[in-house]
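Remember, predicted model here, so these are calculated numbers, not experimental data. Letters go in sequence order (proteins before strands), and every chain restarts at 1.
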Number of protein chains: 4
Amino acid sequence: MVAGMQSPPTPAHRPGGRPRSAAADAAILEATRQVLVEIGWSKLTLGAVATRAGVAKTTLYRRWAGKSELVVDAVAELFDELELPDRGSLAADIEGVVLQFALLLGRPETKTALMAVVAESTTDEPLRHRIRASIVDRQKRLVLAGRERAQARGELPAEPDGVAAARTADLIFDVIAGAVVHRALVSAEPVDEEWARRFTLLLLDGLAAAAATQ
Amino acid sequence: MVAGMQSPPTPAHRPGGRPRSAAADAAILEATRQVLVEIGWSKLTLGAVATRAGVAKTTLYRRWAGKSELVVDAVAELFDELELPDRGSLAADIEGVVLQFALLLGRPETKTALMAVVAESTTDEPLRHRIRASIVDRQKRLVLAGRERAQARGELPAEPDGVAAARTADLIFDVIAGAVVHRALVSAEPVDEEWARRFTLLLLDGLAAAAATQ
Amino acid sequence: MVAGMQSPPTPAHRPGGRPRSAAADAAILEATRQVLVEIGWSKLTLGAVATRAGVAKTTLYRRWAGKSELVVDAVAELFDELELPDRGSLAADIEGVVLQFALLLGRPETKTALMAVVAESTTDEPLRHRIRASIVDRQKRLVLAGRERAQARGELPAEPDGVAAARTADLIFDVIAGAVVHRALVSAEPVDEEWARRFTLLLLDGLAAAAATQ
Amino acid sequence: MVAGMQSPPTPAHRPGGRPRSAAADAAILEATRQVLVEIGWSKLTLGAVATRAGVAKTTLYRRWAGKSELVVDAVAELFDELELPDRGSLAADIEGVVLQFALLLGRPETKTALMAVVAESTTDEPLRHRIRASIVDRQKRLVLAGRERAQARGELPAEPDGVAAARTADLIFDVIAGAVVHRALVSAEPVDEEWARRFTLLLLDGLAAAAATQ
DNA sequence: CTTTAATCGAGACGGTACGTCCCGTCTTCAG
DNA sequence: CTGAAGACGGGACGTACCGTCTCGATTAAAG
């Protein structure tokens, strides 16, 4: 698990007393993912997670502030897997990113959890930050890496202006992530290689022109 | 409001007995939106909605199977407002659709509710269908209308093949709706005219090429 | 069924329109007794009775004011059976009365209903009158008949004073009915011939004699 | 309050966890009696009792299986008050017991509740046992004490046979308790000193004597 | 070796909302 | 006007979880 799991990263922990069980943390997060898959977000209860993890409710509340925080942490672990192998061209890299996202969204635990915590986050500022740090930024990293690689290859021009560059990256990221999520969860249609290819085609031809006119 | 909204689309209702109050339906949906705005999705209670609507809880449960179904119907009504005024060009029409959609997502009652019900729908097949029929298809209509109009103007070629045309429309729809939702709710950044312009530029140049190569 | 079934005995019934179904009355009372036996007083609902009788709830509420009134009427019919055959002596007649009561209290529908409506009647004056008229007085009749018969036989002296006579009859009635009910329902022990014999002995000869003979 | 009153008589309770609050028990039973007085048995609500006792509904359901069980326990406490002061003679002792019992039945909380739970018990075996243990046996104690005292005084002979003795005590108890209950609740007439005197006379000397003296 | 202090499990606590059941009334249509 | 059907506003039900709070029992580092 990543650092900063507890809401206050490490709350002044003056020494003395029995230390917290590290095994409990792992058991809880694993149990959270299991319960999430089995009964879904809205019916997931902290009591059920505690029971499943073989842990007392108290232990759970001592570490997380609530359901959303717990689920974010439980799901965030899965995003550590994300990587972008060099496939040799910008188009192939975009298809790779798309398929990576799709793979993650195909898992039942991410599928359910992601939209739910995003929904919660619309009325919960700290949660929004937590999601951004744990999940969103980890995805965006791939987009940025892809651009850098394309620039190194000469497929894209170097950015003269840092602000505009960031703004464009944000746009691209929203388009890619948004389209994949919408296709997978709202339209509920498969994000397969065929779709990835057609999407990349659409994005790439647009992107080239946009880059030229900007 | 559209006919056949209730969970079973009016299940063979053989006559006899007092008919259901149409006023109650309207009051409940309006109350649902009010309560959504005031206390949000996760704290929304069917009891609170009933009280607000001046209606017994029973009446509510007689018509809807649960919170998600009710909220889908309540929010769906808002999507009837969406229109696509002719702004003279494909680019302007796309910008218009993006801004209209963004306006809708900016409303407090849609913001949280939409993601939440989508999250629920990942583990609830009937709910997924309901969302598709009540909300998604209502938006897709705009994309189709925009294309027809652009074809009439000569901005886009006529579709030779119905299946490919539908597939492209789906892709475009996922890109537009996905990007706007992601920008507005996940990135939590404003979808303003500036963003709409840049997004449309990206999409259009891609679309032209895609159309040419297809 | 006896007269005065409706709470207001016959409410001015201005003619014209469809007359009430007499069959419905019988069906309802029979259904009441059935339901009473099957699910007990506290879980008996008027809706269930109506369904069982093949009658609408409306029909039921048009005729009776509530659960208690209905059950009193349904059970009262059973008390019409009560008779006191001449067994030749006061002792034998008392045993006869005791066994008649016991027989009635042995039926599941009377057993359950009697205590329940009496309980209700402690806070419901009109119900108390209804019970008195429909049930209690019908039992007391037997006691009075037994005394008259004993006086005719010369086993008991004629009453010189009407008031004292009534007072004594009330006392005897409370003792007999009370003892049988208490034995049958509170102590939940069988009221058989053996018990009836011992009770009659006690009543006739008194405790002093009983102590002497034991 | 007597030990082991709860539904399962303290079911092997292996330690661990927060212990049950003894104060809650007392508050609930007291609240039950108050609510009984104020709104009566049939309208008594476990929710209302909980509120009145300043206790969560859960706490109440954790300890009692239902309304009947709770009321039996609440009323049973009142029967602990019953005593049999030595009034010098068997007759005086019987009159004392009758009047004490009548006093208890005159209380609004006992009046309705007692008949109601007995009515329930006709279709509820465990409840019948609970009533027997908590209420009936508590009264029977007085009859046994009265007999012993009378035997000590020489008013009654010693019992040669234990079984017959118990059988006679049961009979006497049914007669006394039954008569008082029937007079007070069914006939709904006052159980005053005059009635107690006449009842005792009848019980002691028997109907034959009563007929002779009148 | 103790002490000390925070942990652990267990489970009761005051609450809130649930979804169901029944109440007694009302509204419609059919005879 | 009656009767079946069934929706209506209302209220209580008994259950499930919430997040908090005692408990006695570990458990390890500090004294």
Enquirer: Round to the nearest Å and state the distance from C:Asp25 atom CG to F:dT2 atom P.
Expert: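 For the pair C:Asp25 CG and F:dT2 P, the rounded distance is 13 Å.
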
Enquirer: Go through E:dT7, F:dG3, F:dC8 for me and flag the one nearest to the A:Arg18 side chain.
Expert: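 The nucleotide sitting nearest to the side chain is E:dT7.
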
Enquirer: With sequence neighbours left out, what residues match C:Ala23 under side chain to side chain contact (heavy atoms under 4.5 Å, CB included)?
Expert: C:Ser21

Enquirer: My understanding is that only residues two or more places apart in sequence, or in another chain, count here; which of them pass side chain to side chain contact (heavy atoms under 4.5 Å, CB included) with B:Thr123?
Expert: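 A:Thr112.
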
Enquirer: Does a side-chain N or O from A:Arg63 land closer than 4.0 Å to OP1 or OP2 of E:dA6, or not?
Expert: no

Enquirer: From CD of D:Glu69 over to P of F:dG14, roughly how many Å is that when rounded to an integer?
Expert: 10 Å

Enquirer: D:Thr59 side chain N/O closer than 4.0 Å to the phosphate oxygens (OP1, OP2) of E:dG14?
Expert: yes

Enquirer: For B:Arg128, enumerate each residue passing the side chain to side chain contact (heavy atoms under 4.5 Å, CB included) test, keeping only those at least two apart in sequence or located in another chain.
Expert: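 Result, side chain to side chain contact (heavy atoms under 4.5 Å, CB included) vs B:Arg128: A:Ala188, B:Ser121, B:Glu125.
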
Enquirer: Using whole Å, report how far CD1 of A:Ile28 lies from P of E:dT7.
Expert: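 Roughly 13 Å, once rounded to whole Å.
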
Enquirer: Side chain to side chain contact (heavy atoms under 4.5 Å, CB included) with C:Thr58: which residues, sequence neighbours excluded?
Expert: C:Ala56, C:Arg62

Enquirer: Judged by atom type as modelled, is there a donor-acceptor pair below 3.5 Å linking the side chain of D:Ser134 to the main-chain atoms of D:Ile131?
Expert: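 Not a single qualifying donor-acceptor pair exists.
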
Enquirer: Is B:Arg20 close enough to E:dC26 that one of its side-chain N or O atoms is under 4.0 Å from OP1 or OP2 there?
Expert: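 False: B:Arg20 side-chain N/O out of range (4.0 Å or more) of E:dC26 OP1/OP2.
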
Enquirer: Which comes earlier along DNA chain E counting from the 5' end, the contact point of A:Ser21 or that of D:Ala56, where each point is its nearest nucleotide?
Expert: A:Ser21

Enquirer: Identify, with sequence neighbours excluded, every residue that meets side-chain hydrogen bond (donor to acceptor under 3.5 Å, both in side chains) alongside D:Glu38.
Expert: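 By the side-chain hydrogen bond (donor to acceptor under 3.5 Å, both in side chains) rule, D:Glu38 matches D:Arg52.
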
Enquirer: Counting primed atoms plus P, OP1 and OP2 as sugar-phosphate and everything else as base, spell out the protein contacts along nucleotides 18-24 of chain E at 4.0 Å heavy-atom distance: B, S or - for each nucleotide, 5' to 3'.
Expert: SBBBBSB

